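Order of the sequence lines fixes the chain letters, A, B, ..., with proteins taken first and strands second; residue numbering starts at 1 for each chain. Small disclaimer: the values here were computed from a predicted structure and weren't measured. The figures that follow rest on heavy atoms only: side chains count, while hydrogens, waters and symmetry mates do not.
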2 protein chains.
Amino acid sequence: MSVQMKQQLLRNELIKFFYYDNRLTLAELSRRSHKSLPLVTSTVNGLIEDGYIQDNGLAASTGGRRASSFQLNADKQRYIVAVAVDQMVTQVVIYDLMNNVKVGLQKKELVLHDNPALTETFIDFLKDYISGSGIPPSQILGIGIGMPGFVSAIKGVNHTFFKLGGSITLKDHLSKELGLPVFIDNDSSLIALAELKFGAGKDLKDVLVVNIGWGIGLGMIVNGGLFRGHSGYAGEFSHIPLSQSNKMCSCGKRGCLEVDSSLVFMIERAKAEMDSGASSSMEQVYKTTGKLPADLFLNAAKSGDPLAVSVLSDAAFLVGKGISTLIHIMNPMLIVLSGRGAVAGKILMAPIQQAINEFCIPWLAEQTEIQVSTVATNAELLGAATLVIENCDFN
Amino acid sequence: MSVQMKQQLLRNELIKFFYYDNRLTLAELSRRSHKSLPLVTSTVNGLIEDGYIQDNGLAASTGGRRASSFQLNADKQRYIVAVAVDQMVTQVVIYDLMNNVKVGLQKKELVLHDNPALTETFIDFLKDYISGSGIPPSQILGIGIGMPGFVSAIKGVNHTFFKLGGSITLKDHLSKELGLPVFIDNDSSLIALAELKFGAGKDLKDVLVVNIGWGIGLGMIVNGGLFRGHSGYAGEFSHIPLSQSNKMCSCGKRGCLEVDSSLVFMIERAKAEMDSGASSSMEQVYKTTGKLPADLFLNAAKSGDPLAVSVLSDAAFLVGKGISTLIHIMNPMLIVLSGRGAVAGKILMAPIQQAINEFCIPWLAEQTEIQVSTVATNAELLGAATLVIENCDFN
DNA sequence: TAAAACTTTATAATTTTTTTAAAAAGATTT
DNA sequence: AAATCTTTTTAAAAAAATTATAAAGTTTTA
């Protein structure tokens, strides 16, 4: 590798450190980058000359001479477009390098299943949003997109949705159409990335993040980094054979975890129970509209509605059985419950803990902590932004 | 880190490369160590001066000037004591740095369960073997020991067997008693290490090794290295909740994979079938001695005995269901069937493949290859030797 | 078949980076 | 308040990586 390339790589790396922790000292940067202090010092001086970062006065003392601290320069702005796609709705927001919202969140109903115009609609939506934002493309570092399905971030393809005819990858197609660097990844991987960088998993090495949403996803942090498996599809937690039920799963098999524990299943079951006469605070909306939105269901559970709580608990118990398997195989330090289902976190914890008590070797279960995410509501968007930061070039 | 330490580290690293592949060129060493050619050249010259390695003439041409190749110097010998402990028998052998057997394999019956004199007997056995070998301790690099149970290689403890009273770790205790560096690890981890360095997993990055023995173990290769989990106990495959049966497992739970698929179970079942009148080539030994040794059972299966094959197939199907879970979660490049049960490899493959067809998403299953180990019979001993090589100091 | 063109290895010269040492600045103790 | 201890910063020396060049084979081509 040439000298210039290595220097550019270090510049990128240092800027990333400032993205994750805004104020840092030279000593801290040297520790994190595993580079010597003189080298880090001169690289930082270069970044200051180019306007990327600025001096931020002396840091608090740690028992000796106080160190100068540095931070990103607010004047030299760069922006990130973060996109979170789910089965029903697509969300987009523009962040700055301090993770502040620069252009407000916009949502669009966009059903993924059986939608021939999907890719085209998706591109138009993003085009409009970005051009409407008024930010010049030269200031946008890239577009990060999280989406469900079998996604390989490395190859830039999705084998489930947004299928294209030709030989071009989804990533390249979007990049060409939108005129900006595009990075795609599986929704659960991005949520795990957000938890790793900003949430409960910060600075930890072996963390599993369970994404409770329309399916049950899994993002894996191994040795301090996202683990993707040899061909990029690790973490297909949804379809491990666990359930005793004989129901057919969308994947064509029986006994998948997802069949009896996803949000789709929970809502169907809540509807069925109401149809057969169960009373609930969700009744009115369901009876008048015929629909039962996920948010309504989750909020009902949160506020103690007995039907919603019971449905959620049963599903969570099965997730807990799956988590028991994960604990045995991976021996993680921490398991984070995240995704939109995590808003009902407290209700999930009890049945999950109960399943762990039943299915885990107690001694092993003690080695793993279970936590509910604190950044769940915008974890996927944060993760999408992180994906851009990790892969773009600052120059 | 000081300069001398770094240089010693590089020397160790280079010697290790020669241990795994005996003839290497300077360019190859530079590539593998990620160090520059001049540095590698001068380090190799130092190793030649100290007698560790020697020039081995020109390597075959690769299209340009032929490179000099080097290899370990047979005169400067160092030896490794490799120990493989299983539930019934303990084996020990001494290898040289070319993995040749220097002192022949010795076996001793040593039952782990309910054996208060275990540790003492074990130490005496090794003491006798080593002193009987006539090799001076100064030439022994260390003792590598693979054993069943919840073992943490890093902490040097076993929570299941060889329990000691005081606060000293098993590793330190053995090291003190035997007067040599001792390294311990879980049997399945060592088998995986052997497969990674010498077997089917050579040079691969994401490989899972299933150890079919008295239990069902799992050794995990992640990103090209042994994965141990955050506290050292990853790969507890035996006790994931999978089986429909209601039998109580030794761990106190129900539904563990191990209950219906380990060698212990298989032999018990074969006995029961013969008791209730099933005919088999194993009958004679069983009827006369009342015992059914594992080797007899496995060989019967290998030579097509219908009872043994049927018992083995049923167990293998369940292992296959467990493997399906692993494929979904880890997306490995390769799964190796190893351990003593792997001698019946061909018979195992069919039911395992069938289970994968039934429980895996086909598209995902295609990404993973399943192979039977070719080094299974002495994989654990090889792994134990590798453990020493990876952790000892050459000086 | 022999010269030219191409590959690869080995060594030397230069540049970069790290290590070590020393100085400066601040906190803590006596 | 002086002395001691910590930590950061700067400077000098040593180590290692690049880059360039030479040497030794292979392959191509006229």
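Annotation: proximity of residues 40-60 of chain A to DNA chain D (heavy atom, distance under 4.0 Å) is found for no residue. Residues from residues 28-37 of chain B that place a heavy atom under 4.0 Å from any atom of DNA chain D, listed by number: B:K35, B:S36.
Side-chain atoms of A:T169 never come within 3.5 Å of backbone atoms of A:V157 as a donor-acceptor pair (strictly under, hydrogens ignored). One N or O on the side chain of A:N391 and one on the backbone of A:L387 form a donor-acceptor pair closer than 3.5 Å. Side-chain atoms of B:N331 come within 3.5 Å of backbone N or O of A:S231 as a donor-acceptor pair.
Results of the side chain to side chain contact (heavy atoms under 4.5 Å, CB included) test with A:I389 over A:F394, A:Y95, A:F183 single out A:F394 as the only residue that passes.
In this structure, B:R31 pairs ionically with B:E28, as a charged nitrogen and a carboxylate oxygen lie closer than 4.0 Å. With respect to B:D21 and B:K202, a salt bridge is recorded, a charged nitrogen being found less than 4.0 Å from a carboxylate O.
Taking side-chain N and O atoms only, B:K6 has no distance below 4.0 Å to OP1 or OP2 of D:dA16. A close approach under 4.0 Å does occur between a side-chain nitrogen or oxygen of B:Q7 and OP1 or OP2 of D:dA16.
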Donor-acceptor contacts under 3.5 Å from residues 53-60 of chain A side chains, at least two apart:
from: A:Q54; atom 1: OE1; to: A:Q71; atom 2: NE2; distance (Å): 3.2
from: A:Q54; atom 1: NE2; to: A:N73; atom 2: OD1; distance (Å): 3.4
from: A:D55; atom 1: OD1; to: A:G57; atom 2: N; distance (Å): 2.8
from: A:N56; atom 1: OD1; to: A:R23; atom 2: NE; distance (Å): 2.2
from: A:N56; atom 1: OD1; to: A:R23; atom 2: NH2; distance (Å): 3.0
from: A:N56; atom 1: ND2; to: A:Q71; atom 2: OE1; distance (Å): 3.4

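In this structure, B:S68 reaches the sugar-phosphate backbone alone: every heavy-atom distance under 4.0 Å involves primed, P, OP1 or OP2 atoms, never a base.
Here the straight-line distance linking atom CD1 of B:I80 with atom SG of B:C392 works out to 7.0 Å at 0.5 Å rounding.
Atom CZ of B:R66 and atom P of C:dA10 are 12 Å apart (whole Å). Protein atom CG of A:L39 is 13 Å distant from nucleotide atom P of D:dT18, rounded to whole Å. Look at CE on A:M5: it is 15 Å from C1' on D:dA17, rounded to the nearest Å.
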